[in-house]
Number of protein chains: 2
Amino acid sequence: MTSDNIQKEECDYLESYNAKDFDRPSTSVDNVIYTIINNALHVLIVKRSNHPFKDQWALVGGFVDLNTDNNLEMTAKRKLKEKTGVNTPYLEQFSTIGNKDRDPRGWSVTTVYFALLPSENITLNVGKGANDIKWAKIDNGKISETLAFDHSEILRECTQRLRSKALYTSLPLYLMPEKFTLHELQEVYHAVLSSKMDPKSFRRRMLTTDLLEETAEMRQTGRRPAMLYRVKNDQPFFFTRTIEGI
Amino acid sequence: MTSDNIQKEECDYLESYNAKDFDRPSTSVDNVIYTIINNALHVLIVKRSNHPFKDQWALVGGFVDLNTDNNLEMTAKRKLKEKTGVNTPYLEQFSTIGNKDRDPRGWSVTTVYFALLPSENITLNVGKGANDIKWAKIDNGKISETLAFDHSEILRECTQRLRSKALYTSLPLYLMPEKFTLHELQEVYHAVLSSKMDPKSFRRRMLTTDLLEETAEMRQTGRRPAMLYRVKNDQPFFFTRTIEGI
DNA sequence: CTCAATTATTGGCTTTGTGCCACTATTTTA
DNA sequence: TAAAATAGTGGCACAAAGCCAATAATTGAG
């Protein structure tokens, strides 16, 4: 068969193809949106106003809208923007969970993204499908609220991934405000890792990369003032060694 | 509203819920199946016997079957077993790609897994939807065949991920036959990384973990015989330092 | 005005694991 | 018996982390 014939055949095939002829799972995106509040890791959750799991807390997510979303990341960003107003977060795909039991409506697939938001002036909007929204504090990888669907498990695994990446990357930098001291950055690492590091080692690790630059300002806190830094290089950095002893 | 009332409401809601009322993307799984042949990394590809992309090579994949597959991983394993007979590979979810352009039939989501198969006696079956199947050699992260859909890009990115993980994990061990010499293992690392390492450093790195154990046998190759090892610990190992200079 | 308390920052030695490269060991074949 | 080939080791240098004590800069109590 010639290549032209195959092209023709494919056109015919596509013309007669009807998406409704095949059973498909539902497809959604869920965001695990982290930020730092009072030196503790928090995650954004919403209270569902619709069935199923009505009036229960859940991660920020929603179905892919085939008309407005060109790809999965657009779905993730649309929901993120709707709830926080943030346009350009650090956003990374975490994992996709698909099975026949996670949603009472039937076979369901969700692609989970996680976002890191700087800890400054974020205004929350309840948005669609929700009647409440709040930051929930993460303790020991868990929050006190029970979440809808398999979201508690997703949150636990995603937080574990974030923690593991903090051991060898600069990801926690995306949780920082524009200007910050090295001590403040170290506190954020502590919040993510739930473990303390030596300040000398931490400073050396951060300053021997090209990630940070000094500002002309100092943080005045009533004791010895501390140098304020800002991010110089926006790319995530991968260290060649992990932090040990976790 | 009482909790009982909500339960009742949810039952009513689920009863009236009709999956066909909502447009959903198609959902598939694609496998990037690696093995080692003649000291080179290879990937399994099939020639499609159906539209679209009829008669073109593609990764091993297929649609989720809502009736037989309980979850996405079952879809991945079902296709893997159909083509190779392998039941228990190393299988890891790589990434999910979903957009409106990747499939001419419309909005499509595919979850990509990668599998590592030991380099020994695997019998290939053409299986459903294909009229040919073969191992394609990976050179510089690419194969010479053009692949259907966005599979060439998926292969490139997935191979990059495998390469990057080989720098700090023991993943290449899953590509080894039951017994192997340290030199043979190093050759597999070389095949994955496309770069050479010092034999002393490599042996030290491998032997200071608890990953391997000596067998009583030696590989006889006509020169000095080499100790044969087998895998002692089936869990993937994460080194605290990456191999440098790549 | 001086000193204790507090927080920021540095000095410097130890430890760990890799890079490097020359050297030794064991086998076959010429 | 020696050369060639492959397996495996000795040992030092180096980079980056751990560890912990010392120094620096500031405020507030007396």
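We use all heavy atoms of the structure for the numbers below, so side chains are in, but hydrogens, waters and symmetry mates are not.
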Provide, to the nearest angstrom, the distance between the CG atom belonging to A:Leu167 and the P atom belonging to D:dA16.
18 Å

Quick one: does B:Ser170's side chain have a donor or acceptor within less than 3.5 Å of a partner on B:Leu173's backbone?
no

How do B:Thr240 and B:Gln220 order along DNA chain C: which one's closest nucleotide is nearer the 5' end?
B:Thr240

In whole angstrom, what separates B:Leu228's CG from D:dA7's C1'?
12 Å

I need the residues from residues 172-186 of chain B with at least one non-hydrogen atom less than 4.0 Å from DNA chain D; give them sorted by number, or say none.
B:His183

Give me the ring orientation class for B:Phe149 and B:His151: parallel if the planes are under 30° apart, tilted from 30 to 60°, perpendicular past 60°.
tilted

Are B:Leu41 and B:Leu162 close enough, and set up right, to give a side chain to side chain contact (heavy atoms under 4.5 Å, CB included), and what steps lead you there?
CA-CA 11 Å; B:Leu41 191 63; B:Leu162 173 63; 4.1 Å; yes

Please check if the side chain of A:Tyr174 supplies one atom and the backbone of A:Asp234 the other of a donor-acceptor pair under 3.5 Å.
yes

What are the residues of residues 197-210 of chain A, sorted by number, that bring a heavy atom to within less than 4.0 Å of DNA chain D?
A:Asp198, A:Lys200, A:Ser201, A:Arg204, A:Arg205

With side-chain contact (heavy atoms from CB on, under 4.5 Å) as the test, pick out the partner of A:Tyr113 among A:Leu59, A:Thr75, A:Leu72.
A:Leu72

Is it true that a side-chain atom of B:Gln93 and a backbone atom of A:Thr96 form a donor plus acceptor pair closer than 3.5 Å?
yes

A:Asp198 (side chain) donor-acceptor with A:Lys200 (main chain) under 3.5 angstrom
yes

Between B:Arg163 and B:Ser194, is any pair of side-chain heavy atoms under 4.5 Å apart?
yes

Check the distance between C:dG19's P and B:Lys196's NZ and give it to me in whole angstrom.
16 Å

5'-most by nearest nucleotide on DNA chain C - B:Arg241 or B:Pro225
B:Arg241

Check the distance between D:dA24's C1' and A:Met218's CE and give it to me in whole angstrom.
11 Å

Nucleotide nearest A:Arg223 (side chain, heavy atoms from C-beta), chosen from C:dG19, C:dT27, C:dA5:
C:dA5

Nearest-nucleotide check on DNA chain D, A:Phe239 vs B:Ala226; residue mapping nearer the 5' end is B:Ala226

Would you kindly check whether a donor in the side chain of A:Arg224 faces an acceptor in the base of D:dA25, or vice versa, at under 3.5 angstrom?
no

With heavy-atom distances below 4.5 Å as the criterion, would you say the side chains of A:Ile97 and A:Arg102 are in contact?
yes

